[in-house]
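These numbers were taken from a predicted model, which means no experiment stands behind them.
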Amino acid sequence: AFVLGLAAWAGASTMRPGPGPAPIALAGAAPAAVEPATPLPPPDDAALGEEPPAAADAGLGDLPPAEPVDAGSAALPVDEPAPAEEPAPRAGGGEDPAPGGEPPADEGPAAPSLEHVFLIVLADRGYDTLFDPEGAASYLNGTLVPKGTLLSRSFGVSSGALANGIALVSGQGPNAATREDCPAFADLTPGTIGKDDQAAGTGCGFSTDVFSVGDLLVAQEKTWRAYAGDLDGTPACPKPAAGQPFPLPRLPFLAFRTITEDPACADRITGMARLAEDLKDAATTPALSYLVPSACENGSDSPCAPGAPAGLGPADAFLRRVVPQIQASPAYEKGGAIVILADQAPPGPEADRSACCEDRRWYGKDPATSGGGRTGALLLSPLVKGGTTVDTAIDHYDVLRTVSETLGVRRSGYAARDEVGGIPREAWTGWKR
């Protein structure tokens with residue numbers, strides 16, 4: 001009776017194909033669900049149930065296991081389901097959190113939706129310099145770290161400030177010119193768009209076929225602005241000139257023709273002095289604010305931070321001046337977020353050139369020597385309780401993924417790859433999902 005019933009069951013509806021044997025056709029009433037040894041995608045017209053009841057409870061009595069039935073197409077034995085495709089590795093090389101090899105449940109988005117994100121990008125700082133509790137950055141470590149989530153294994157993606165900045169705002173990978181901070185500006189040639197939306201070739205200027213996160217925000221009628229200390233008192237949006245050094249390698253938006261050829265460029269790439277005015281009202285605060293200290297304030301031993309307390313490095317004094325302004329703003333209080341990070345570890349013959357993860361082979365043949373080094377990063381937000389350290393390995397592509405998703409635009413370039421999981425969800429310790 002069981003065999004005849006199973007034969008009548010085989011028929012019309014087709015299961016979604018998987019990597020195993022050919023799909024079977026299903027018709028009639030669905031039988032009691034059977035838990036496969038490895039997960040199968042559910043058919044379109046029936047969801048998989050909970051763990052199946054025992055044979056007697058299912059009305060099968062003491063019948064022996066049924067043999068496969070030929071229903072006119074390739075049949076699949078009910079007790080030998082097709083093997084499921086191996087799941088992709090988690091970003092950062094972490095273990096699958098589900099016990100017993102079971103697939104993890106869908107936990108929803110990895111980060112909250114936000115209206116305002118502030119990226120503060122420091123220059124040439126390694127983890128030990130930034131986050132040494134006994135180091136010069138006493139404000140960063142003594143005041144800010146206890147209020148945020150320390151991302152202790154955050155890495156740059158390459159050598160070169162420009163290459164790292166481009167990765168952070170567009171997901172484009174480095175090339176020979178951007179690794180050297182573009183000593184002689186030239187358009188990227190040939191610039192052909194290939195896999196992962198990567199523009200092929202060498203050069204520093206991206207065509208209007210390549211987009212930054214700023215372009216994607218504008219397409220969604222959202223705003224962005226880059227604030228640079230080096231532009232205070234100078235013309236905004238300094239456009240690169242052919243054959244000349246890139247004007248400000250730590251302003252990667254200048255590498256995109258979609259931005260520099262837009263009349264709005266001078267409004268979007270401006271001096272740091274404008275920040276205070278924009279923060280007065282959430283309506284005037286950009287969705288994305290990209291903040292770069294002046295070269296003077298970025299220097300490790302520079303005396304260019306007037307009034308800085310004794311014993312503080314200029315970069316720490318910059319944070320002391322700027323971060324409280326942001327935290328007191330309506331935009332931040334409504335659920336904004338600040339990410340403080342460095343573009344790369346300090347350059348030089350003994351530079352740290354480690355990269356984030358073994359599964360990211362686009363770094364080069366050896367991820368241990370072809371990255372931007374360990375820098376660490378700090379996440380601050382009303383959605384973070386503080387005092388948390390997350391050790392998952394991430395890089396600038398992960399930061400771009402989180403910025404894109406929290407602000408509601410698509411991921412671009414390498415930030416759209418499956419291996420790139422974004423800032424881990426456990427970093428948002430105060431977020432009620």
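- Under the ring-ring contact (aromatic ring centres under 6.0 Å, His included) criterion, Y332 pairs with no residue, sequence neighbours left out.
- Sorted by first and then second residue, the side chain to side chain donor-acceptor pair (under 3.5 Å) pairs involving residues 161-172 (not counting sequence neighbours) form an empty list.
- Residues satisfying the salt bridge (Lys or Arg N to Asp or Glu O under 4.0 Å) test with R374, not counting sequence neighbours, are none.
- Among residue pairs with one or both ends in residues 251-285, those qualifying as ring-ring contact (aromatic ring centres under 6.0 Å, His included) are F206-F256, W224-F253, F253-Y290; sequence neighbours excluded.
- Among residues at least two apart or in separate chains, there is no salt bridge (charged side-chain N to carboxylate O under 4.0 Å, His left out) pair with a member in residues 227-247.
- Legend: residues meeting side chain to side chain contact (heavy atoms under 4.5 Å, CB included) with T178, ordered by chain and number and at least two apart, are L162, A163, I166, P174, N175.
- D343 pairs in a side chain to side chain donor-acceptor pair (under 3.5 Å) with only one of the listed residues (H396, R125, R250), which is R250.
- When the ring-ring contact (aromatic ring centres under 6.0 Å, His included) test is applied to F211, no partner is found at least two apart in sequence or on another chain.
- Among pairs with a residue in residues 163-182, none fulfils salt bridge (charged side-chain N to carboxylate O under 4.0 Å, His left out), at least two apart in sequence or across chains.
- Each of R411, R417, R360 was evaluated against D196; a single residue qualifies, R417, per the salt bridge (Lys or Arg N to Asp or Glu O under 4.0 Å) test.
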Without placing hydrogens or testing angles, list every side-chain donor-acceptor pair under 3.5 Å for residues 377-388, not counting sequence neighbours.
from, atom 1, to, atom 2, distance (Å)
S381, OG, G336, O, 2.7
S381, OG, L383, N, 3.0

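- Legend: disulfide (SG to SG under 2.5 Å) pairs involving residues 370-433, not counting sequence neighbours: none detected.
- Ion pairing of R321 with E297 is present here, as a side-chain N (NZ or NE/NH1/NH2) and a carboxylate O approach within less than 4.0 Å.
- Under a 4.0 Å N-O distance rule, the pair R257/D262 does not qualify as a salt bridge.
- Sorted by first and then second residue, the disulfide (SG to SG under 2.5 Å) pairs with a member in residues 149-204 read C182-C204; sequence neighbours excluded.
- Remark: W428 pairs with no residue by the ring-ring contact (aromatic ring centres under 6.0 Å, His included) rule, at least two apart or across chains.
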